[in-house]
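Shown next, in structure tokens, is the structure this report addresses.
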Number of protein chains: 2
Amino acid sequence: MNVPIHPDVPTSSCAGALEPLKVACASCNLRELCLPVGLTPTDLQRLDGLVEKRRSVPRGEHLFRNGDRFEALYAVRTGFFKTCVGSEDGRDQVTGFQMAGELLGLDGISSDQHHCDAVALEDSSVCVIQYRDLEELSREFTVLQHQFHKIMSREIVRDHGVMLLLGNMRAEERLAAFLLNLTQRLQARGFSASSLVLRMTREEIGSYLGLKLETVSRTFSKFQEDGVLDVKQRQITVLDPQALQRLISNAAC
Amino acid sequence: MNVPIHPDVPTSSCAGALEPLKVACASCNLRELCLPVGLTPTDLQRLDGLVEKRRSVPRGEHLFRNGDRFEALYAVRTGFFKTCVGSEDGRDQVTGFQMAGELLGLDGISSDQHHCDAVALEDSSVCVIQYRDLEELSREFTVLQHQFHKIMSREIVRDHGVMLLLGNMRAEERLAAFLLNLTQRLQARGFSASSLVLRMTREEIGSYLGLKLETVSRTFSKFQEDGVLDVKQRQITVLDPQALQRLISNAAC
DNA sequence: CGCTGTTTTGAGCGTCCTCAAGAGTAGTGG
DNA sequence: CCACTACTCTTGAGGACGCTCAAAACAGCG
């Protein structure tokens, strides 16, 4: 388990059942990371109708699949997801890992059907946001509209960063960038920046980074030899974060 | 020059000066590819205020740069662009090539500043769409709002496709996918599907595909030897499009 | 405890990169 | 019109990085 520093951040242990429980964004402790960033408390009240229900997704299950009809976006409440796209000939590529407060399903807007699979990597729960409702409400709330656009744009910027990684970096640099990104996001959620538990396999990391699982494993081992990491299976301790940073900054040297 | 089949599609030859000429989307022959897809002619009339001016960008010049304040989106009217992101240590990655009817600048919404460079690869002209105006109008026109969301989502889906390419494909497959994508987009704009002129260097293609320019050149040569392409510098003729298709479908075999 | 899936590690190989030279093309100015 | 320069593209030879194939160690779970 990743150790929560802020005790009010939800952990997997409080994953709810799949009842359509009314959950107000106003009282959600993820509101500073999630869709309603920037909304005033009074706006938030009126937003209650938007997130009408939760859905829990057990580890290994799909939240949605490539080809599914698109109707809703999903905000991760607890747990951890991966998204992946597949090529015509069966290979697949992990396109991202999503944690609490992050949005899933944006790919579906383009043609009213999903273009990737979303799979829970641990027992998870999401808030279901009907896209029609979001469109309607964002016509009324300028702040919500703007925030939604920002989230989509941020996803585009993120994807461009991944392209840079896949197109230009070597194995060590890719893994370093991946780990730094993970720790930063965990830190923003109140977890330790130096100790983390990977929710995904070496193969999934490899798929995301454009590497084979053996290469990922070897690179972890090398980081351990160099004293940069302590690796015990999926339990990772970052001993020298600056070494990771140097890898991706001085990469050309 | 790519040979227009539909004579009403604009070519570079009619690139305008930089006067703030009033250009109505209603009378633009790109309207079926561009932002106002799906709007009725009467809606289009009311949209006139949105695209208030054009801007022409000579070959080699920047439309915007990483770090520039974000204020507007740009719809390519004529010409051809590349976008690229740079890493901390100076390497850069081409993240896309944009042609007539495609939107530039979506990356800027995330933090009110641009996160990539946009460079004209030939003398080009763009329609300037003030983002504030677009937000405002899309609150009024549901169709416009939805179309805009679709365009952002499509960009995300496209980026995921590029990740798949960069993460899983080998050099020949990457170049085949690139060429098929280009010819399809040119075809949608009324150009030949078999004959095209590349607007970018081997190095830029390589950067986009995560390859070195020598590898791109070698792969072009191999395609020529195999009778799949005819390559005369940047003048490309696709002799066997199905062979390209097979490369990316049967890739694993 | 045995089964299964994940991870580690080794050895050999292939694809693409690096370095380098030369040919082709475009733009500039005499 | 032709040299001159700068840039782009092609092609070759050698090497490096990551992949493939394979086996064994390890962890999780019924």
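Numbered from 1 within each chain, the chains take letters A, B, ... in sequence-line order.
- The CE-P distance, from B:Met200 to D:dC9, rounds to 11 Å in whole Å.
- Proximity of A:Thr201 to the phosphate of C:dG5: no side-chain N or O atom is located under 4.0 Å from OP1 or OP2.
- Rounded to whole Å, atom P of C:dA26 lies 11 Å from atom CZ of B:Arg59.
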>> If you apply the rule side chain to side chain contact (heavy atoms under 4.5 Å, CB included), what do you find for A:Met99 with A:Leu186, and how did you get there?
In response: CA-CA 8 Å; A:Met99 56 178 73; A:Leu186 286 169; 4.0 Å; yes
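- Between A:Leu103 and A:Tyr74 the shortest side-chain heavy-atom distance does not fall below 4.5 Å.
- Atom CD1 in B:Ile236 sits about 13 Å away from atom C1' in D:dT10, given to the nearest Å.
- The side chain of B:Arg202 contributes an N or O atom lying less than 4.0 Å from OP1 or OP2 of D:dT10.
- Among the atoms of the strands shown, base atoms are found under 4.0 Å from some heavy atom of B:Ser217.
- Taking atom CD on B:Gln235 and atom P on C:dA26, their separation rounds to 12 Å, with Å as the unit.
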Query raised in the report: Can you list the steps and then say if A:Arg91 with B:Glu173 is a salt bridge (charged side-chain N to carboxylate O under 4.0 Å, His left out)?
Result: CA-CA 13 Å; A:Arg91 291 176 292 189; B:Glu173 300 162 18; 3.3 Å; yes
Reading nucleotides 15-25 of chain D from 5' to 3' and marking B where a protein heavy atom lies under 4.0 Å of the base, S where only the sugar-phosphate is that close, and - otherwise, the string is ---SSBB----
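- Salt bridge B:Glu122/B:Arg59: absent, no basic N to carboxylate O contact under 4.0 Å.
- Protein atom CZ of B:Arg234 is 11 Å distant from nucleotide atom C1' of C:dA26, rounded to whole Å.
- Atom P of nucleotide C:dT6 and atom CZ of A:Phe220 are separated by 16 Å, given to the nearest angstrom.
- In this structure, B:Tyr208 has its ring center closer than 6.0 angstrom to the ring center of B:Phe97.
- By the 4.0 Å N-to-carboxylate-O rule, B:Arg158 lies too far from B:Glu102 to be salt-bridged with it.
- Rounded to whole Å, atom C1' of C:dC16 lies 14 Å from atom CG of B:Leu175.
- We find that CG of B:Leu198 is positioned 14 Å from P of D:dT8, with the value rounded to whole Å.
- With salt bridges taken as basic N to acidic carboxylate O contacts below 4.0 Å, none links A:Arg202 and A:Glu214.
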